[in-house]
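Comments concern the structure below.
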2 protein chains.
Amino acid sequence: MAHPGSIRVLLVDDHSVVRMGLAAVLSLDEHIVIVGEAEDGAQALEKFRTEKPDVVLMDVRMPGMGGLEALRALRAVTPEARVLMLTTSELDEDIQRAIEAGAAGYLQKSVTRDELVRAIRCVHAGGRYMPEALTRRLEQLAKRRHLSHREIEVLDGMRRGLSNRDIALALSISEHTVKAHVKAVLQKLESADRAEAVARGFEQGLLRVDE
Amino acid sequence: MAHPGSIRVLLVDDHSVVRMGLAAVLSLDEHIVIVGEAEDGAQALEKFRTEKPDVVLMDVRMPGMGGLEALRALRAVTPEARVLMLTTSELDEDIQRAIEAGAAGYLQKSVTRDELVRAIRCVHAGGRYMPEALTRRLEQLAKRRHLSHREIEVLDGMRRGLSNRDIALALSISEHTVKAHVKAVLQKLESADRAEAVARGFEQGLLRVDE
DNA sequence: CGCCCTATCGCTCGTTCGGGTGATTGCATG
DNA sequence: CATGCAATCACCCGAACGAGCGATAGGGCG
């Protein structure tokens with residue numbers, strides 16, 4: 001190692017431009033050494049085994065094995081791995097899942113060089129790093145009433161244009177019960193009708209575009 | 001200019017990491033010179049006036065004035081401006097809009113260094129650059145019936161949970177007309193009801209999560 | 001053991017939705 | 001000029017929706 005206290009970093013992002021950018025930004029700090037790059041989750045696991053980095057900088061969205069899966073897989077094998085998640089999409093409850101999955105921090109790609117370096121140092125030192133804006137979002141997410149498993153299934157039925165009766169058939173329950181669930185969904189999502197409920201579902205990440 | 005045939009490039013992206021990455025990638029080519037960077041649309045217009053770049057590399061999504069607006073504004077004043085749009089979100093009909101607004105090319109950030117440089121040269125030479133994958137998407141988009149402006153307004157009403165009557169009030173038209181629009185939307189989106197239509201709206205990028 | 005939440009089922013009733021089938025105007029494209 | 005499309009308005013009607021009242025049974029938790 002070039003410096004005694006150097007921090008060995010592994011970059012994981014499917015966009016080469018972003019990797020180059022991170023490398024360019026981080027190479028300005030003499031304590032940080034890029035020991036490897038990976039384009040997807042599988043490569044990340046591979047590189048982690050061979051390079052044993054101190055900190056992993058990982059994109060959330062990647063083709064194939066996504067960042068969250070990779071994070072979980074990594075933590076399952078090596079719980080002491082320090083992983084800083086990076087993202088472009090700010091408004092997501094991926095954040096929550098990332099934290100639950102054991103991320104040591106969560107950053108947006110719009111971070112300044114300074115904040116990025118601070119975050120890496122913080123994480124390397126064993127701490128957690130979370131930008132203020134995101135902690136605020138987290139609180140919002142915690143506040144929001146969350147739907148039960150059944151209610152989400154019903155919401156998904158609505159999304160697919162099914163009538164209450166058809167949802168009932170699909171779930172093998174009575175139409176009355178479906179209506180009860182629909183009512184609960186509408187209340188919890190503060191929606192006037194199923195159309196708005198579906199919209200809220202998308203907005204809050206309960207429903208996803210990629211099917 | 002360092003080289004006689006050098007291409008003067010302006011970078012526009014709100015993520016400093018991406019700008020650094022692009023700068024790092026492009027500075028490897030001796031014919032390309034970064035003459036400026038901007039963080040948003042307004043800055044881009046400003047920089048364009050002062051620097052007169054040959055090619056503008058612009059992100060689609062930016063806070064404040066988005067990339068598309070900036071593109072339109074730029075082309076309105078300087079129709080000969082050569083703008084290459086960059087994006088992370090692959091599945092979008094922003095592409096179509098970008099082309100309509102006069103973009104000379106459309107790239108994803110996952111491009112290789114090689115392709116990026118080729119695209120810049122191509123655009124600088126007066127051509128258009130469009131990755132194969134995106135041309136295929138464009139055809140798909142062209143196939144799909146697209147909603148009129150009014151129909152999208154009505155769809156947005158549905159998304160907000162408004163009844164036909166309320167949409168009518170909001171748009172200052174009769175409820176009958178709204179029903180006609182709703183019917184057209186349901187047909188075009190092949191939806192059984194407004195809930196599914198809203199879902200399709202999100203899936204096809206007609207409606208956006210960020211409000 | 002109570003308490004809360006979830007899932008399930010039941011009924012009524014007014015409102016809204018969406019299909020069917022029309023029409024007219026205006027604008028643009030060919 | 002004809003054709004097509006968007007936007008506007010109009011009527012009828014059955015089916016679906018959502019509100020407002022319920023109830024019962026099971027699981028987790030203090």
Side-chain angles (χ1 to χ4, degrees), chain A residues 96 100 141-202 204 206-207, chain B residues 93 96-97 99-102 141-204 206-207:
Chain A
Q96 214 168 22
E100 284 167 9
L141 289 170
K143 251 205 341 248
R144 111 171 162 230
R145 318 268 322 259
H146 73 287
L147 306 192
S148 71
H149 176 62
R150 209 49 161 172
E151 285 160 352
I152 289 188
E153 287 182 312
V154 170
L155 179 59
D156 192 69
M158 300 189 212
R159 178 268 276 283
R160 299 206 311 268
L162 301 182
S163 67
N164 288 337
R165 185 186 305 146
D166 291 340
I167 296 175
L169 286 173
L171 299 181
S172 301
I173 55 179
S174 90
E175 185 178 347
H176 301 289
T177 307
V178 173
K179 291 180 82 165
H181 287 313
V182 168
K183 194 181 300 187
V185 169
L186 294 183
Q187 279 181 353
K188 289 185 180 178
L189 296 184
E190 296 176 326
S191 299
D193 56 30
R194 36 180 73 207
E196 187 178 5
V198 167
R200 288 283 158 82
F202 277 99
Q204 304 196 356
L206 301 170
L207 296 174
Chain B
E93 35 86 71
Q96 214 167 23
R97 294 200 210 150
I99 300 302
E100 284 166 10
L141 290 170
K143 257 207 333 250
R144 115 173 159 226
R145 320 272 320 261
H146 72 287
L147 305 193
S148 70
H149 175 62
R150 208 49 160 174
E151 285 160 353
I152 289 187
E153 285 182 312
V154 170
L155 179 60
D156 192 69
M158 299 188 212
R159 180 267 277 282
R160 300 206 312 267
L162 301 181
S163 67
N164 289 337
R165 185 185 306 144
D166 290 341
I167 296 174
L169 286 174
L171 300 181
S172 301
I173 55 180
S174 91
E175 187 178 347
H176 300 288
T177 306
V178 173
K179 292 182 77 166
H181 287 314
V182 168
K183 193 180 302 185
V185 169
L186 294 183
Q187 279 182 353
K188 290 185 179 177
L189 297 184
E190 296 175 325
S191 300
D193 56 30
R194 37 180 72 207
E196 188 179 3
V198 166
R200 288 284 159 82
F202 276 99
E203 288 165 4
Q204 304 197 358
L206 301 170
L207 296 174

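Residue numbering restarts at 1 for every chain, and letters A, B, ... go by the order of the sequence lines.
- Residues B/D193 and A/L162 share a closest heavy-atom pair of OD2-O, 4.2 Å.
- Across the protein-nucleic acid pair, B/L171 atom CG and D/dC9 atom P stand 11 Å apart, rounded to whole Å.
- B/I173 and B/H181 make their closest contact through CD1-CD2, 4.3 Å (heavy atoms, listed as atom of the first residue, atom of the second, distance).
- Here the P atom of nucleotide D/dG18 and the NZ atom of A/K188 are 17 Å apart, to the nearest Å.
- Distances shown here put a side-chain N or O of B/N164 below 4.0 Å from the OP1 or OP2 atom of C/dC17.
- One interatomic measurement links the two molecules: CG of B/D166 to P of C/dT16, which rounds to 9 Å at whole-angstrom precision.
- Every residue meeting the side chain to side chain contact (heavy atoms under 4.5 Å, CB included) condition with B/A184, not counting sequence neighbours, appears here in chain and number order: B/E151.
- Nearest nucleotide to the B/A180 side chain, out of D/dT8, C/dA7, D/dG18: D/dT8.
- The distance from atom NE2 of A/H149 to atom C1' of D/dG28 is 18 Å, rounded to the nearest whole Å.
- OP1 or OP2 of C/dC9 sits under 4.0 Å from a side-chain N or O of A/T177.
- Taking 4.5 Å as the limit, some side-chain heavy atom of B/N164 sits within range of a side-chain heavy atom of B/R194.
- At C/dA7, one or more side-chain N or O atoms of A/S148 fall inside 4.0 Å of OP1 or OP2 (strictly under the cut-off).
- Across all their heavy atoms, B/L189 and B/R200 have their closest contact at O-NH1, 3.0 Å.
- Of the side-chain N and O atoms in B/R165, none sit less than 4.0 angstrom from OP1 or OP2 of C/dC17.
- Taking only distance into account, the side chain of B/K183 meets the base of C/dG20 through a donor-acceptor pair shorter than 3.5 Å.
- Of the candidate nucleotides D/dC9, C/dA7, C/dC9, C/dC9 has the atom nearest to the side chain of A/S174.
- B/K179 has its NZ atom 13 Å from the P atom of C/dG20, to the nearest Å.
- C/dT8 atom P lies 13 Å from atom CD1 of A/I167, rounded to whole Å.
- Put simply, NE2 on A/H176 is 14 Å from C1' on D/dA16, counting in whole angstrom units.
- One atom, CD of A/Q187, and another, P of C/dC5, lie 13 Å apart when rounded to the nearest Å.
- Comparing C/dA7, C/dT8, D/dC17 by their closest approach to the side chain of A/R194 singles out D/dC17.
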